[in-house]
Amino acid sequence: MKTLLSIHSLTKAFGGLVAVHGVSFNVKAGTIMGLIGPNGAGKTTVFNLITGNYKPDSGEIIFDNKNIKALPPNRIVSLGIARTFQSIRLFPGMTVLENALAGRHCRMKAGLWSSLFRLPGQRNEEKRAIKRALEELAFVGISHQHANLAKNLSYGNQRLLEIARALCSDPRLLILDEPAGGMNDQETEQLIDLIRAIRNRGISVLLIEHDMGLVMEVCEQLIVLEYGELIAQGSPAEIKSNPQVIEAYLGVEDDD
Amino acid sequence: MIALDQLKSTRNRKAYFALIGGIIALLAVCPLFLNNYWLLALNNIGLYSILALSLNIVLGQTGLFNMGHTAFYAVGAYTAAILNTNLDIPVLWLLPVSGLLAAVAALLVAWPVIRLRGDYLLIVTIALVEILCITLDNDIFGLTGGTNGIYGIDRPILFGIKIYKEWQFFYLIWGFLGITVILFSLLEKSRFGRALNYIKQDETAAEGSGISTASYKMMAFTFAAFWAGMAGTLFAAKMTTVSTGSFTFAESAMLFAIVILGGAGSIRGVLLATFVLIGLQTAFSDLKSFRLLVFGAAMVMMMLLRPQGILPPKPHRYKVDRYMSDLPEPAFSPKEQTTREVKGI
């Protein structure tokens with residue numbers, strides 16, 4: 001299978017704290033990959049490096065044969081990497097539809113003047129974007145909420161809206177930062193179906209998650225980080241039986 | 001219940017359109033029965049409305065703190081004054097020229113500072129007004145006429161009619177305001193307008209959703225300056241004289257207050273606040289020293305009782321009905337509430 005995202009010895013330090021140290025891995029096209037590790041292992045930092053929110057101190061990030069390490073976040077989105085945030089970041093005072101339309105922005109062209117004078121091209125583009133945004137909202141199951149303000153959605157639906165917004169940008173890689181955070185069991189079950197459906201559309205998924213049930217069920221490949229370093233990589237079954245991983249999560253077994 | 005809500009909202013909408021129509025009709029005929037004093041006040045309100053609406057794009061919609069907006073108004077007014085008095089170019093032809101010059105000024109100022117946090121931008125824009133006024137007062141290049149300013153600007157000519165009476169200016173200014181309101185309303189509900197709103201609501205999320213926040217901030221700032229520059233031309237044409245007294249920091253702060261009190265990002269709110277605040281200013285002009293007292297008290301009351309402004313922006317409505325019928329099914333089936341087996345390491 002083709003490699004979509006390739007990360008080579010990525011390093012990032014904040015002052016004296018090395019958050020990510022020499023991490024390398026590949027994400028193959030069409031897979032669901034999980035990034036796990038104890039709190040503070042550097043998982044979100046890796047995500048922020050990929051999406052351009054942080055600049056790496058060293059290392060390369062190659063997406064689809066293009067080095068994206070020096071690009072700003074919005075350029076990376078338009079190249080095809082969309083993300084959701086660990087702490088939900090929607091546009092709270094805007095409608096659900098407008099939140100989804102934000103993801104569509106990078107695929108639209110209307111500028112200041114065509115918006116100001118509502119030229120025909122702008123109108124058509126706007127209609128297509130609204131249709132697409134509604135389709136993505138329906139895909140995650142919240143299209144009936146389109147006119148509500150984002151801040152009035154339930155927590156689980158806010159997470160779904162973030163995913164819909166990301167999908168609107170036609171991503172080839174979707175990065176989910178703790179998508180099940182704050183979801184109940186039923187919502188988590190639905191999320192598993194949703195993540196599979198996203199992959200079935202040909203979009204690769206890279207996710208951070210603490211819900212091991214979800215991770216083991218949905219991910220095909222796992223990467224384990226501890227103290228900013230990659231300690232294991234493999235299928236869920238391999239990871240489950242990896243002594244180093246068990247140690248990282250549970251500590252060393254005592255005799256009694 | 002839903003039907004009732006719909007009925008109510010249709011009735012509300014009808015009442016709303018009737019109100020708007022009534023106001024427009026009233027404005028259209030008011031020169032027939034208002035004397036020059038009131039027309040002057042209305043013209044003042046009209047000019048301020050154009051300015052406040054342009055500031056609203058930066059401050060209200062994008063959330064950028066700009067307390068130096070009159071600087072661009074001044075650039076527009078002085079450009080029109082200088083080019084008209086020196087080169088005899090008809091003053092209304094200078095609308096786009098003054099706008100462009102104001103936009104260039106904005107571009108130069110904003111370039112280094114637009115990425116800064118809000119409070120830094122605020123300080124820079126305040127300094128901008130002060131520096132500009134001092135520069136103009138010093139008769140730079142012998143063009144700006146020093147503290148006396150520039151006088152003898154031609155009356156504007158529109159469709160062969162020389163505009164010089166107060167009621168003629170009323171139609172010119174309020175016509176321009178009408179166009180401004182229509183265009184800005186269209187802008188608000190477009191890709192461009194939404195991008196500005198995303199930035200205001202959450203800049204990191206906007207950037208992470210694919211919006212180039214820095215360039216949109218620049219565009220908003222520059223475009224607002226362009227519009228303020230055009231308003232400056234109208235001002236110069238109406239007064240036939242310009243001097244720095246009209247573009248002080250106090251005027252800038254007033255505009256800032258109008259946008260915040262009206263409801264940042266709300267066109268109706270900004271229009272209403274201009275009407276009330278500039279109206280108050282005119283009504284209390286006999287009691288000049290008390291004016292600021294009333295103004296200050298109004299500010300304090302507003303901040304305590306209604307910090308979101310008089311008429312905060314309403315959520316935008318989009319036409320979606322035609323798409324709702326054939327949307328895809330959700331990616332997951334609705335499930336019964338079950339307890340999930342805890343799997344894992």
Side-chain angles (χ1 to χ4, degrees), chain A residues 51 53 72-74 77-78 82-83 85 89-95 97-98 101-103 105-106 108 110-112 115-118 122 125-126 129-131 134-135 138-141 143 146-147 149 165-166 169 185-186 188-190 193-194 197-198 212-213 215-217 240 245-246 249-250, chain B residues 182-184 186-195 197-216 219-220 222-223 226 265 312-313 315-320 322-324 326-345:
Chain A
T51 55
N53 292 76
N74 65 295
V77 175
S78 59
R83 74 170 299 178
F85 293 88
R89 296 196 88 135
L90 291 166
F91 309 110
M94 300 174 80
T95 65
L97 177 63
E98 284 181 310
L101 282 169
H105 181 92
C106 64
M108 296 167 77
L112 174 57
S115 298
L116 198 59
F117 295 105
R118 194 152 289 191
Q122 187 264 355
E125 182 186 70
E126 194 81 353
I130 289 169
K131 182 166 187 285
L134 285 168
E135 283 167 0
F139 182 72
V140 303
S143 55
H146 67 85
L149 295 184
R165 179 176 71 188
S169 66
D185 283 351
Q186 187 198 6
T188 308
E189 285 290 340
Q190 292 179 338
D193 289 351
L194 178 62
I198 290 169
M212 280 304 139
V215 167
M216 295 299 163
E217 197 174 332
K240 263 193 230 181
V245 176
I246 295 170
Y249 268 92
L250 302 175
Chain B
I182 292 168
L183 294 184
F184 285 13
L186 294 178
L187 190 67
E188 199 179 70
K189 225 176 94 174
S190 70
R191 175 178 182 257
F192 188 89
R194 281 194 304 269
N197 269 302
Y198 298 141
I199 293 171
K200 180 185 173 185
Q201 299 255 320
D202 187 334
E203 206 175 324
T204 308
E207 187 89 28
S209 305
I211 288 137
S212 169
T213 53
S215 61
Y216 271 91
M219 281 192 277
T222 312
F223 175 69
F226 175 79
H316 298 143
R317 297 269 165 253
Y318 293 84
K319 285 187 186 138
V320 297
R322 75 188 101 166
Y323 309 119
M324 291 307 280
D326 54 29
L327 289 178
E329 289 294 308
F332 45 80
S333 47
K335 285 194 173 77
E336 294 297 311
Q337 183 84 41
T338 49
T339 41
R340 209 161 51 91
E341 187 191 345
V342 180
K343 292 166 241 171
I345 326 177

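In what follows, every chain begins at residue 1, and chains take the letters A, B, ... in the order their sequences are listed.
In terms of heavy atoms, I211(B) sits closest to A102(A) at CD1-O, 4.1 Å. Nearest heavy atom pair, residue N74(A) against residue S212(B), reads ND2-CB, 3.2 Å.
Chosen from T213(B), I182(B), L327(B), the residue pairing most often with chain A at heavy-atom distances under 4.5 Å is L327(B). Your options are L90(A), T95(A), T51(A), L112(A), and the one with the most heavy-atom pairs under 4.5 Å with chain B is L112(A). Between chain B and the residues I198(A), V140(A), L101(A), the most heavy-atom pairs under 4.5 angstrom are made by L101(A). Most heavy-atom pairs under 4.5 Å with chain B, from the set G103(A), A197(A), G93(A): that is G93(A). When each of S115(A), C106(A), G141(A) is checked for heavy-atom pairs under 4.5 Å with chain B, S115(A) comes out on top. Among the candidates P92(A), A82(A), S78(A), the residue making the largest number of heavy-atom pairs closer than 4.5 Å to chain B is P92(A). Between chain B and the residues Q122(A), R165(A), E135(A), M94(A), the largest count of heavy-atom pairs under 4.5 Å involves M94(A). If you tally non-hydrogen atom pairs under 4.5 Å between each of K319(B), R317(B), E329(B) and chain A, the highest count goes to R317(B). For the options V320(B), D326(B), N197(B), heavy-atom pairs under 4.5 Å to chain A are most numerous at V320(B).
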**Message:** Before you tell me yes or no, could you show the steps for F117(A) and L187(B) under side chain to side chain contact (heavy atoms under 4.5 Å, CB included), namely the whole-Å CA-CA distance, both residues' side-chain angles and the distance that decides it to 0.1 Å?
**Reply:** CA-CA 8 Å; F117(A) 295 105; L187(B) 190 67; over 6 Å; no
**Message:** Go through it in stages, so that I can follow the logic: the residues are M324(B) and L134(A), the test is side chain to side chain contact (heavy atoms under 4.5 Å, CB included), and I'd like the CA-CA distance, side-chain angles, deciding distance and then a yes or no.
**Reply:** CA-CA 8 Å; M324(B) 291 307 280; L134(A) 285 168; 4.0 Å; yes
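With a 4.5 angstrom heavy-atom cutoff, S143(A) touches chain B via backbone and side-chain atoms both. Proximity to chain B is limited to the side chain of L97(A), based on heavy atoms less than 4.5 angstrom apart. For chain B, the nearby parts of L116(A) are the backbone and the side chain; heavy atoms of each come within less than 4.5 Å. Heavy atoms of A220(B) lying under 4.5 Å from chain A are absent altogether. Contacts between A147(A) and chain B at a heavy-atom distance below 4.5 Å involve backbone atoms as well as side-chain atoms. In this structure, chain A has no heavy atom under 4.5 Å from any part of K200(B).
Counting heavy atoms from C-beta outward, R118(A) and K189(B) have side chains that approach closer than 4.5 Å. At least one side-chain heavy atom of T204(B) sits less than 4.5 Å from a side-chain heavy atom of F85(A).
At distances below 3.5 Å, not a single donor-acceptor pair connects side-chain atoms of R194(B) with backbone N or O atoms of E98(A).
Contacts classified as salt bridge (charged side-chain N to carboxylate O under 4.0 Å, His left out) and involving residues 203-213 of chain B (residues at least two apart or in different chains) are given here: E203(B)-K217(B).
Aromatic ring centroids of Y216(B) and H105(A) lie under 6.0 Å apart.
Partners of Y323(B) by ring pair (Phe, Tyr, Trp, His ring centres under 6.0 Å), not counting sequence neighbours: none found.
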